[in-house]
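Some notes on the structure that comes next.
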Amino acid sequence: MTAACLTVASPAVTSAQTQMFAGFDEQDPIGSAAKELWRQVNAQCGPLKTPVLVGTASLPVTAQAFTKDQGNNLMGQVHAAFSRLDGLKMAPLGDIGALLEVKGAGLTATPNAGDVEAILDKVEIVIRATGQRVGPNTNFVLQAIGRRDYQCSPSVGPVSVPANLVGEIYKRAENIFADAAREVWRRTRGSVPLVLSASLPNGTSLDPQLPDYFQRLMEKAIDDARRTAPEESVGNPTQVPVISPMEASAEATELWAASVIVVPRPNGYHLSINVRRKDETAVFSDGLVSTDDLPAMQWAALGPSSSVRAVVPRLGAAPLRLNGRVAGGRGFQEYAFSVGRESYVEVDIPTTSVPGVQKALKLDVFGARNIPLKTIHIVNPSRPNLRRYRLPAGQYTIRVASGAQTEQSYQLRARAVDTTDMLLPEAPGRLIRQFQNWYASVVEDPRTGRRTCYAYTAAVEAGPLNWREQAPFILLSAQSEGSGEIQHLIEDKRFYRPGAPFEAMIDDGGAMRELNASATATGNFIRPTKQGSNGQPILDMDAVAGYNRGTKLEINGITPDGRPAHVVYSLRGYQAAVNAMSLECGRRDLANALVWK
């Protein structure tokens, strides 16, 4: 399918209130809007001579509205939503918007132009999609434009499409502040201070470092906006000093009030900046940031060498990070932490944070009376410093010992979750998008530039209780070169009894479809498979593409100790994540095969 973006909404659409209708589904706003629009087509454009040939179309859009893959994802969802309806047939061209424009300009003089024009001439209903960003969400309108024998143009919307369906983008925190600062500077005349506050959604204060960090980011962003402004005020120069709420004058009314809301997420944080001023339209900027993009906690080492009073943090699900350094030879550093209740505790030093050739450090956790604790970690060659423990409430000590003769710097990470939950797997590589329950990420080889792109999700439900410390996950990956097969795993066979029955089912609108899945001969993976021409199991691409029609994937098996095991994965966001993964690695062939077929 050609890369597609959405038209910019008119001011009337931007300011309009979202409209609800019978059958609207918040979990599937595009699909339910497509059903409602087709109902109106039948009512206003009829009688229809079925099947009606339908094409979806979009127009280019400014960069402020959607990125290319967001537009491609949304138009793909529109096309897929109509393709599931009765009484119509979809044009074989995924997005006919650009083709219609080219045809109108008389530029289709190519060897295949006759075939393309013949298809375009037969399209009877064109579905136009219009979207506009409104705060964190998108106001979305679908319109059907009749052609040939049909003279009608019903529309549905605007309906609100949540950001995680469009595709929330992982950004650098400094870029989120830069977007807000540029608009604030553009609207400012003279000297107007900006008061910045930061909190969690419920008003709870943050770690004391973060407001200071955000203030420095905003100061830098304002300074960058000043230096890059197209014109400079003369006589009454523009100034936007950034101050804290304590510095603001109680009488000041002509100022910018910037509120930074920080929402913890499984793989980082969502930052939203809302900047308001009297009689001004608010400035809004937001995005996801990975944990690594916020400053590491100043977690003092224990012992007489520390000149700072030791901090004993309580671990939670969001990883705490510490930048540290250990002397060579027999050198070590120790850090205290606590857990409030029995928890799975994960401690790690990513090898990417350790410079030089020697990446492995000796990492242990000690309990009372300096007794080393037993790890429940399963060896992972790609994460040699990872350790996991099951610990009761109390205080503990992490020891980082040297793995080389020379001094080593590192970043220590630690997190904990209640044993009634499970640790979420860390993202493979750099996160680029989140779509509902799915993520897209990428790893790039610095030597060759070759990319490996991923789409993955963690289980939303898994049992029995205390079966495993980390949540099961689905992982799809593809490489940027060539047209190699996609790699796909849906479970780890080590958590199931060998030879015991194993069942994978897709919930397709309440109807359960069996997915043929089996363990690989080598490795620890369970994959969707079918029998190849040589009699050997191969990846079942049709089964994977069949995820599109389902809402969840359920797995049933037997644990090694004989208990029934049950895992549930959400498939909401699968299409968009695989589409983003494919585009990131230049593998449109995979997007076409797995998402839009």
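Numbers here are sequence positions counted from 1.
- Proximity of the aromatic rings of Tyr496 and Trp467 is defined here by a centroid distance below 6.0 angstrom, and this criterion is met.
- Salt bridge annotation for Glu342-Arg390: present, with a cationic side-chain nitrogen under 4.0 angstrom from a carboxylate oxygen.
- Look at Arg387 and Asp348 and you find no salt bridge, because none of the NZ, NE, NH1 or NH2 atoms lies under 4.0 Å from a carboxylate O.
- Separating the CZ atom in Arg415 from the CZ atom in Phe337 is a distance of 14.0 Å, to the nearest 0.5 Å.
- Of the possible polar contacts, one joining the Lys171 side chain to the Asp286 backbone as a donor-acceptor pair under 3.5 Å is found.
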Stepwise, does the side chain to side chain contact (heavy atoms under 4.5 Å, CB included) test hold for Gln479 with Gln487? CA-CA 9 Å; Gln479 293 189 325; Gln487 300 300 312; over 6 Å; no
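- Atom-to-atom distance recorded for Arg265:CZ and Leu424:CG is 13.0 Å, nearest 0.5 angstrom.
- Closest non-hydrogen pair, Arg341 versus Asp418, comes out as CD-OD2, 2.6 Å.
- The two residues Leu271 and Val262 make their nearest non-hydrogen contact at CD2-CG2, 3.7 Å.
- The one candidate from Val400, Ile398, Thr397 that meets the side-chain contact (heavy atoms from CB on, under 4.5 Å) condition with Glu334 is Thr397.
- Residues Thr452 and Ser477 bring no donor and acceptor atom of their side chains to less than 3.5 Å of each other.
- Side chain of Tyr574 to backbone of Tyr547: no donor-acceptor contact under 3.5 angstrom is found.
- By the 4.5 Å heavy-atom criterion applied to side chains, Val312 and Gln395 are counted as neighbours.
- The OH atom of Tyr344 sits 8.5 Å away from the CG atom of Leu423 when rounded to the nearest 0.5 Å.
- Nearest heavy atom pair, residue Gly429 against residue Val443, reads CA-CG2, 3.3 Å.
- At distances below 3.5 Å, not a single donor-acceptor pair connects side-chain atoms of Asn556 with backbone N or O atoms of His566.
- For Ser402 (side chain) and Arg330 (main-chain N/O), no donor-acceptor pair under 3.5 Å exists by modelled atom type.
- Counting heavy atoms from C-beta outward, Leu515 and Met505 have side chains that stay 4.5 Å or more apart.
- Within the 6.0 Å centre-distance limit, the rings of Tyr439 and Tyr456 are counted as a close aromatic pair.
- Ion pairing of Asp293 with Arg172 is present here, as a side-chain N (NZ or NE/NH1/NH2) and a carboxylate O approach within less than 4.0 Å.
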Walk me through it: do Gln408 and Arg325 pass the test side chain to side chain donor-acceptor pair (under 3.5 Å)? CA-CA 6 Å; Gln408 290 178 286; Arg325 175 181 306 270; over 6 Å; no
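- For the pair Glu346 and Arg413, the salt-bridge criterion is not met [side-chain N within less than 4.0 Å of a carboxylate O].
- Of all the heavy atoms in Ile273 and Ala180, the pair that sits closest is CG2-CB, 4.3 Å.
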If you apply the rule side chain to side chain donor-acceptor pair (under 3.5 Å), what do you find for Thr559 with Asp561, and how did you get there? CA-CA 5 Å; Thr559 69; Asp561 60 3; 2.3 Å; yes
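- Here the side chain of Ser570 pairs no donor or acceptor atom with the backbone of Asn437 at under 3.5 angstrom.
- Applying the 6.0 Å contact sphere to CZ of Arg563 captures more than 12 heavy atoms from other residues, nucleotides or ligands.
- Comment: Glu168 does not engage Arg433 in a salt bridge, judged by the lack of any side-chain N to carboxylate O separation of less than 4.0 angstrom.
- Under the 4.0 Å criterion applied to side-chain N and carboxylate O atoms, Arg451 and Glu584 are assigned as salt-bridge partners.
- In this structure, Ser343 contributes its side chain and Val339 its backbone to no donor-acceptor pair below 3.5 Å.
- Residues Glu491 and Lys493 are not paired through a salt bridge, judged by the lack of any N-O separation under 4.0 Å between the basic side chain and the carboxylate.
- Taking CD of Glu469 as the start and CD1 of Ile376 as the end, the distance is 4.0 Å to the nearest 0.5 Å.
- A heavy-atom distance below 4.5 Å is not found between the side chains of Leu553 and Val568.
- Remark: Ala517 pairs with Ile490, Phe502, Ala504, Ile526 by the side chain to side chain contact (heavy atoms under 4.5 Å, CB included) rule, at least two apart or across chains.
- Remark: side-chain polar atoms of Asn385 are paired, donor with acceptor, to backbone N or O of Leu361 under 3.5 angstrom.
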Step by step, would you call Arg572 with Thr551 a side chain to side chain contact (heavy atoms under 4.5 Å, CB included)? CA-CA 6 Å; Arg572 297 192 185 278; Thr551 57; 3.9 Å; yes
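- Residue Ala440 comes nearest to Ala577 through the heavy atom pair CB-O, 3.9 Å, listed as atom of the first residue, atom of the second, then distance.
- Taking the ring centroids of Tyr170 and His270, they lie at or beyond the 6.0 Å cut-off.
- Using a 4.5 Å heavy-atom threshold, the side chains of Arg468 and Met422 count as touching.
- Looking at Gln470 and Arg388, their side chains do bring a donor and an acceptor atom within 3.5 Å of each other.
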Show your reasoning for whether salt bridge (Lys or Arg N to Asp or Glu O under 4.0 Å) applies to Arg430 and Glu444. CA-CA 9 Å; Arg430 176 176 59 85; Glu444 184 168 347; 5.8 Å; no
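- In this structure, the side chain of Asp28 engages the main chain of Gly31 through a donor-acceptor pair within 3.5 Å.
- Looking only at side-chain heavy atoms (C-beta outward), Cys453 and Ser582 stay at 4.5 Å or farther from each other.
- Judged by the 6.0 Å and 45° rule, Arg399 forms a cation-pi pair with Phe366.
- A salt bridge is defined here as a Lys NZ or Arg NE, NH1 or NH2 lying under 4.0 Å from an Asp or Glu carboxylate O, and Arg216 with Asp212 fails to meet this definition.
- Under a cut-off of 6.0 angstrom, the local environment of CD in Glu503 is crowded, with over 12 non-hydrogen atoms contributed by other residues, nucleotides or ligands.
- In this structure, the side chains of Ser272 and Asn274 stay at 4.5 Å or more apart for every pair of heavy atoms.
- Side-chain contact between Leu200 and Val263: absent, with no pair of heavy atoms (C-beta onward) separated by less than 4.5 Å.
- Looking at Leu288 and Gln434, their side chains come closer than 4.5 Å, going by heavy atoms from C-beta outward.
- Taking CD1 from Ile474 and CZ from Arg527, the interatomic distance works out to 14.0 Å, rounded to the nearest 0.5 Å.
- Between the CD atom of Glu554 and the CD atom of Glu461 there is a distance of 7.5 Å, given to the nearest 0.5 Å.
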Walk me through whether Ile432 and Tyr454 qualify under side chain to side chain contact (heavy atoms under 4.5 Å, CB included). CA-CA 10 Å; Ile432 52 177; Tyr454 300 89; over 6 Å; no
Decide yes or no on side chain to side chain contact (heavy atoms under 4.5 Å, CB included) for Leu386 and Ile349, but give the supporting numbers first. CA-CA 7 Å; Leu386 175 64; Ile349 296 177; over 6 Å; no
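- Considering every non-hydrogen atom in both Ala336 and Pro313, the closest pair reads O-CD, 3.3 Å.
- Looking at Ser353, its side chain does come within 3.5 Å of a backbone N or O of Gln411 through a donor-acceptor pair.
- Ring to ring, Phe214 and Phe177 are close: their centroids are under 6.0 angstrom apart.
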